[in-house]
Amino acid sequence: MHGGVHAGVIETLASIGAALVAHPRGQHVVGLENSTSFIRAVRAGRLHATARPVTRGRSSQVWEAWIRNDQGELVAQGHVRLLCIAESKALG
């Protein structure tokens with residue numbers, strides 16, 4: 001499996017989690033940084049991914065995520081930093 005798939009899954013999980021925190025506060029989130037480490041090659045089988053917040057601040061959030069194979073072995077892990085922006089503020 002291409003490493004970009006792992007990075008994409010990690011960023012997706014972190015973005016969804018961060019958005020669930022930010023939306024009730026009237027904010028959107030924008031990814032600032034994605035650091036993904038590739039631990040083990042995957043050729044077949046299912047992958048299981050989980051994420052949890054490291055910090056859920058007013059202006060930024062940091063999330064970490066892990067991807068494991070069916071045997072529970074770590075395949076990839078990553079950290080994502082996201083910026084929280086007020087919904088009323090224009091981007092660009």
Side-chain angles (χ1 to χ4, degrees):
M1 178 177 293
H2 189 280
V5 173
H6 299 305
V9 168
I10 287 170
E11 186 161 359
T12 298
L13 289 177
S15 296
I16 290 170
L20 290 171
V21 171
H23 183 72
R25 302 188 301 203
Q27 295 176 312
H28 292 291
V29 292
V30 178
L32 294 176
E33 181 180 11
N34 179 342
S35 174
T36 301
S37 297
F38 311 109
I39 311 298
R40 175 176 275 107
V42 176
R43 290 177 178 70
R46 291 185 176 207
L47 298 175
H48 309 274
T50 57
R52 74 171 185 89
V54 174
T55 181
R56 294 172 288 189
R58 285 182 295 172
S59 60
S60 69
Q61 297 185 46
V62 176
W63 285 71
E64 57 187 2
W66 303 267
I67 300 175
R68 297 182 183 278
N69 61 19
D70 278 331
Q71 292 73 42
E73 298 170 317
L74 186 62
V75 171
Q77 87 179 58
H79 288 80
V80 180
R81 188 167 58 101
L82 303 107
L83 179 66
C84 301
I85 302 172
E87 289 178 355
S88 59
K89 186 172 182 175
L91 297 177

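In terms of heavy atoms, R40 sits closest to L74 at NH1-O, 3.0 Å. Closest approach of V29 to A22, counting heavy atoms only: CG1-CB, 3.7 Å. Counting all heavy atoms, side chain and backbone alike, R56 lies closest to V21 at CD-CG2, 3.6 Å. Of all the heavy atoms in A7 and N34, the pair that sits closest is O-ND2, 3.2 Å. Heavy atoms only, all atoms of each residue included: L82 and S15 are closest at CD2-OG, 3.7 Å. Across all non-hydrogen atoms, the minimal contact from A19 to P24 is O-CD, 4.3 Å.
Interatomic distance, W66 CH2 to L13 CG, rounded to the nearest 0.5 Å: 11.0 Å. Taken from OG in S35 to CD in E11, the straight-line distance is 11.5 Å, to the nearest 0.5 Å. With rounding to the nearest 0.5 Å, the separation of OG1 in T50 from CD in E64 is 9.0 Å.
Counting heavy atoms from C-beta on, the side chains of Q77 and T36 never come closer than 4.5 Å.
Side chains of D70 and H48: a donor on one and an acceptor on the other come within 3.5 Å. Side-chain contact check for Q61 and W63: at least one donor-acceptor pair (N or O, by modelled atom type) lies under 3.5 Å.
Partners of H23 according to the side chain to side chain contact (heavy atoms under 4.5 Å, CB included) rule, which considers only residues two or more places apart in sequence or in another chain, are E87.
The side-chain contact (heavy atoms from CB on, under 4.5 Å) test with V42 is passed by exactly one of L47, V5, I67: L47.
The 12-atom threshold is exceeded at CZ of R68, counting heavy atoms of other residues, nucleotides or ligands nearer than 6.0 Å.
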Could you walk me through whether R25 and C84 pass the side-chain contact (heavy atoms from CB on, under 4.5 Å) test, one step at a time? CA-CA 10 Å; R25 302 188 301 203; C84 301; 3.7 Å; yes
